[in-house]
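To start, the structure under review is shown below, and the notes come after it.
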Amino acid sequence: MKKSVINAIHEILQREFVLEKPANLSFGHYATPIAFSLAKELKKSPMLIAEELCSAFGSQPMFKEVTAIKGYINFKLSETFLDTYATWALQNEERFGSDRQECSILLEYVSANPTGPLHIGHARGAVIGDSLYKIGRHLGYNIVSEYYINDAGNQVDLLGLSLFLAGREHILGLDVTWPEEFYRGEYIIDLAHIAKAELGSVIFEKEDNIATLSVWGKDKMLELIKSNLADVGIVFENFVSEKSLYDQWDASFQKLQRNNKTYQEGGKTWIRSTELGDEKDRVVVRDDGRPTYLAGDIIYHDNKFQRGYDQYINIWGADHHGYIARVKAAINFLGYDENKLEVILAQMVSLLKGGEPYKMSKRAGNFILMSDVVAEIGSDALRFVFLSKKSDTQLEFDIDVFKQEDSNNPIFYINYAHARINQVFAKAGKTIEDVRSIPLVGLNEEAQNLLFSALLLPEVLEDAFSSRQVQKVTEYLKALAASLHKFYNENRVVGSMDEDKLLKLLAMVGLSLRVGLKLIGIRAKEKM
RNA sequence: GCGCUCGUAGCUCAAUUGGAUAGAGCAACGGACUUCGGAUCCGUAGGUUGUAGGUUCGACUCCUGUCGGGCGCACCA
């Protein structure tokens, strides 16, 4: 809708302009402040310019009126235009708002180490990533979701060792001395018991078996992570194993060398990341020949960029922000455009329950497990909270709020709006097909405004996606639900003179609610 | 100490990315049912956008200083 409006206006004005929504809908559906930016150039007052530009719009089928108010040019869309659009939307059903885009995007998120279950911090990045993915898909981007598995390096060895020691202590009943660093939490002990069942308790007898336990444990943990994700409706297309990439190290390393971006010092190999704003140069190969974590990420990003996407998005925990500079430097050194990589940081989350800090789970080893929170408030609520806030602010939420079934709980509120619409149709004994082609003309102002709000879904999605701010979708859904409830309270549908028209209007609202919810991973309720 | 980031109503968060009178929900108070399910709606109150400057037609948004919170500052991942 916005696109066609922009095109129509562009045809008249013949120049670039910003199209926005007026603060007050009574001014119009859209507005542009273009007269302000022209004021200097033309040496005239914005009000005058606005009025002159207005008169350039003769009578257009798209606009009911074009007015100049305080320097803004306001556009009011015609009923027929809105009706045509709504009819089209209702024919498209769940595909309303979908489009085609040329751009291909690789979206990487979660990528939690396969050494333990997902905790609540992972959940935020997970649902934001998944919703961006779903919205992007809907909008027609060629977007692919990917999970990078850190299955090489110390932490996997540490997992094996932790399992080994846990098995010796809890299964073989031996005394063990725990090292300073190991994975704690009851999930390790649970996992040791599973290891006993699958591999036999002999596995805990010889230290030689630690390597076997590492690999076995890592696979088990990955399964657990996948099932944690599936519980909130997240399924990845790609999994890329860090370990499997090391074959390509030589190739990546040679690229860096050729560009003279590495050097040897103290028996180690360094990368010149300071050249591109990093705080210091970084070691990529240690003096014993083992590559560092950064080496893995260099290969991984080399691998990503070889696949030739137009854009790359990584969602990382905010504690990794210091890492951005060196990865971007590496991408540049490999000969790619590092600006194609965009990193979204997901900030910390703290949970409350009844106003008190949420108790950490012993099972998790001082982390709050994502699965515990899902068990308590459900996937929909979990998703909704995290999607309602900008990712870059720290957030605090009380899970008790999401157990309430009233207007405190926004999902409930939105679902109720959707269910209400179904209820009205049921009461009227009609279906969407019955009213789809009824022309929406002669509606009162409230009805027209509601219709317009419902038709905004595609541009909200586009805006949310391109700014990577999914909270715009939840905000929109809350506002649309509120408009629906208000309308419902003030206007009787069933039995009214305009019954069919109003039913079509409600169908349109229901469609936008349903599609919007679907794209943030929540299924709209037909009945409460 | 350095770097990144955040600071908006009592609380949790928005604000069309520089636009018109900074908005929602909760909490508080007052209203609306012989109802298409009141699981809803309407109203009142609540703000010097941490703070001091600057940039311009116009600043919550950009710049500088400052105060406060968070996170980093590994050859761990």
Side-chain angles (χ1 to χ4, degrees), chain A residues 18-24 27 30-33 35-37 39-40 45-46 69-72 74 111-113 115 150 152-156 158 181 242 266 268-270 277-280 282-288 290-297 317-325 345 347-348 350 352 355 385 388-390 392-398 401 404-410 412-413 415-417 419-421 423-428 456 459-460 463 467 469 471-472 474-475 478-479 482 484-496 499 502-503 506 527-528:
Chain A
V18 177
L19 192 67
E20 56 195 26
K21 271 176 267 155
N24 189 336
F27 291 157
Y30 292 100
T32 177
F36 292 99
S37 39
K40 203 168 234 176
S45 89
I69 305 171
K70 287 161 74 180
Y72 289 83
N74 297 288
S111 296
N113 288 345
T115 53
N150 295 126
N154 291 339
Q155 82 280 2
V156 176
L158 209 56
E181 271 196 60
E242 177 185 2
K268 303 158 194 169
T269 307
W270 300 72
D278 197 5
E279 292 166 6
K280 54 178 101 169
R282 307 290 170 174
V283 174
V284 286
V285 183
R286 303 178 179 94
D287 47 12
D288 61 5
R290 281 157 53 236
T292 63
Y293 179 75
L294 180 59
D297 248 336
D319 52 343
H320 282 60
H321 64 77
Y323 204 72
I324 298 173
L345 295 176
Q347 275 287 356
M348 308 290 290
S350 43
L352 299 176
V385 203
S388 307
K389 332 283 178 182
K390 280 185 286 201
D392 57 5
T393 51
Q394 290 139 246
L395 121 86
E396 199 170 71
F397 80 95
D398 195 317
V401 169
Q404 298 174 26
E405 300 205 328
D406 55 27
S407 57
N408 289 359
N409 184 340
F412 198 83
Y413 184 80
N415 268 321
Y416 182 41
R420 236 178 183 174
I421 292 167
Q423 198 62 226
V424 176
F425 268 91
K427 200 85 180 178
L456 285 174
E459 57 207 71
V460 169
D463 184 25
S467 63
Q469 299 194 338
Q471 86 279 359
K472 288 174 188 290
T474 54
E475 286 292 318
K478 279 192 275 189
L484 183 278
H485 286 309
K486 182 178 166 66
F487 186 81
Y488 176 93
N489 270 275
E490 293 172 356
N491 298 274
R492 178 121 193 146
V493 175
V494 177
S496 86
E499 179 176 302
L502 296 181
L503 283 173
L506 294 194
K527 256 193 224 171
M528 302 298 285

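All values below come from the heavy atoms of this structure, side chains included, with hydrogens, waters and symmetry mates left out. By convention in this document, chain letters (A, B, ...) are assigned in the order of the sequence lines, proteins followed by strands, and residues within each chain are numbered from 1.
- In this structure, A/Tyr413 does not count as stacked on the base of B/A39 under the 5.5 Å centre distance and 30° plane angle limits.
- Across all strands shown, A/Lys472 has heavy atoms under 4.0 Å from base atoms, whether or not it also approaches the sugar-phosphate.
- The gap from the C1' atom of B/U51 to that of B/C73 amounts to 28 Å, rounded to the nearest Å.
- Across the C1' atoms, B/A9 and B/A22 are found 11 Å apart, a figure rounded to whole Å.
- At a threshold of 4.0 angstrom between heavy atoms, the contacts of A/Glu475 are confined to the sugar-phosphate backbone, with no base atom among them.
- Remark: the separation of the P atoms in B/G54 and B/U49 is 16 Å, to the nearest Å.
- A/Thr292 comes within contact range of the sugar-phosphate backbone alone, with a heavy-atom separation under 4.0 Å but no base atom that close.
- The aromatic ring of A/Phe412 sits over the base of B/A39, with ring centres less than 5.5 Å apart and planes inclined by under 30°.
- Phosphate contact (OP1/OP2 of B/A74, side-chain N/O of A/Tyr323, threshold under 4.0 Å): absent.
- Separating the C1' atom of B/G18 from that of B/C62 is a span of 8 Å, rounded to the nearest Å.
- Using a 4.0 Å heavy-atom criterion, one finds that A/Glu459 contacts no nucleic acid atom at all.
- Heavy atoms of A/Glu20 sit under 4.0 angstrom from at least one base atom.
- Heavy-atom distances to RNA chain B give each of A/His320 and A/Val494 a nearest nucleotide, and the one nearer the 5′ end belongs to A/Val494.
- The separation of B/G7 from B/C60, taken at their C1' atoms, amounts to 11 Å, rounded to a whole angstrom.
- Contact annotation: A/Lys390 side-chain N/O to B/C6 OP1/OP2 distance is not under 4.0 Å.
- When the nearest nucleotides of RNA chain B are assigned to A/Glu490 and A/Ile69 by heavy-atom distance, the more 5′-ward of the two goes with A/Ile69.
- No engagement by A/Ala39 is indicated, since no non-hydrogen atom pair under 4.0 Å with the nucleic acid exists.
- For A/Asn74 against B/A20, a side-chain N or O and a base N or O form a donor-acceptor pair under 3.5 Å.
- Here A/Pro33 lies in heavy-atom contact (under 4.0 Å) with a base.
- Nearest to the side chain of A/Gln155, among B/A39, B/A77, B/A20, sits B/A77.
- For the OP1/OP2 pair of B/A77 and a distance below 4.0 Å, the side-chain nitrogens and oxygens of A/Asn154 include at least one atom meeting the criterion.
- B/G31 and B/C71: their C1' atoms are spaced 48 Å apart (whole Å).
- Using a 5.5 Å limit on the distance between ring centres and a 30° limit on the angle between planes, the aromatic ring of A/Phe36 does not count as stacked on the six-membered base ring of B/G58.
- A salt bridge does not link A/Lys390 to A/Asp392: none of the charged nitrogens lies less than 4.0 Å from a carboxylate oxygen.
- Anti is the conformation of B/U44, whose glycosidic angle sits further than 90° from 0.
- Closest to the A/Phe27 side chain, of the nucleotides B/A77, B/A20, B/C41, is B/A20.
- What you find for A/Asn150 and A/Ser111 is that their closest heavy atoms are OD1-O, 3.8 Å.
- A donor-acceptor contact under 3.5 angstrom links the side-chain atoms of A/His321 to the base of B/G3.
- For the C1' atom pair drawn from B/G50 and B/C67, the interatomic distance equals 7 Å after rounding to whole Å.
- Contact annotation for A/Ala31: base contact, defined as any heavy-atom pair under 4.0 Å involving a base atom.
- With hydrogens and angles ignored, no donor-acceptor pair closer than 3.5 Å exists between the side chain of A/Gln347 and the base of B/G70.
- Among the heavy atoms of the strands lying under 4.0 Å from A/Leu395 are primed sugar atoms or P, OP1, OP2 only; no base atom is included.
- Using a 4.0 Å heavy-atom criterion, one finds that A/Asn491 contacts the bases of the nucleic acid, with or without backbone contacts as well.
- Distances from the side chain of A/Lys389 to the nucleotides B/A20, B/G38, B/U12 place B/U12 closest.
- Remark: A/Val283 engages A/Lys268, A/Trp270, A/Thr292 in a side-chain contact (heavy atoms from CB on, under 4.5 Å) (not counting sequence neighbours).
- Proximity of a side-chain donor or acceptor of A/His485 to a complementary backbone N or O of A/Tyr416 within less than 3.5 Å is not detected.
- Within 4.0 Å of A/Lys21, counting heavy atoms only, lies at least one base atom of the nucleic acid.
- RNA chain B forms stems at B:1-7 with B:67-73, B:10-13 with B:23-26, B:28-32 with B:40-44, B:50-54 with B:62-66, each a run of 3 or more consecutive Watson-Crick or G-U wobble pairs whose two key distances fall under 3.5 Å.
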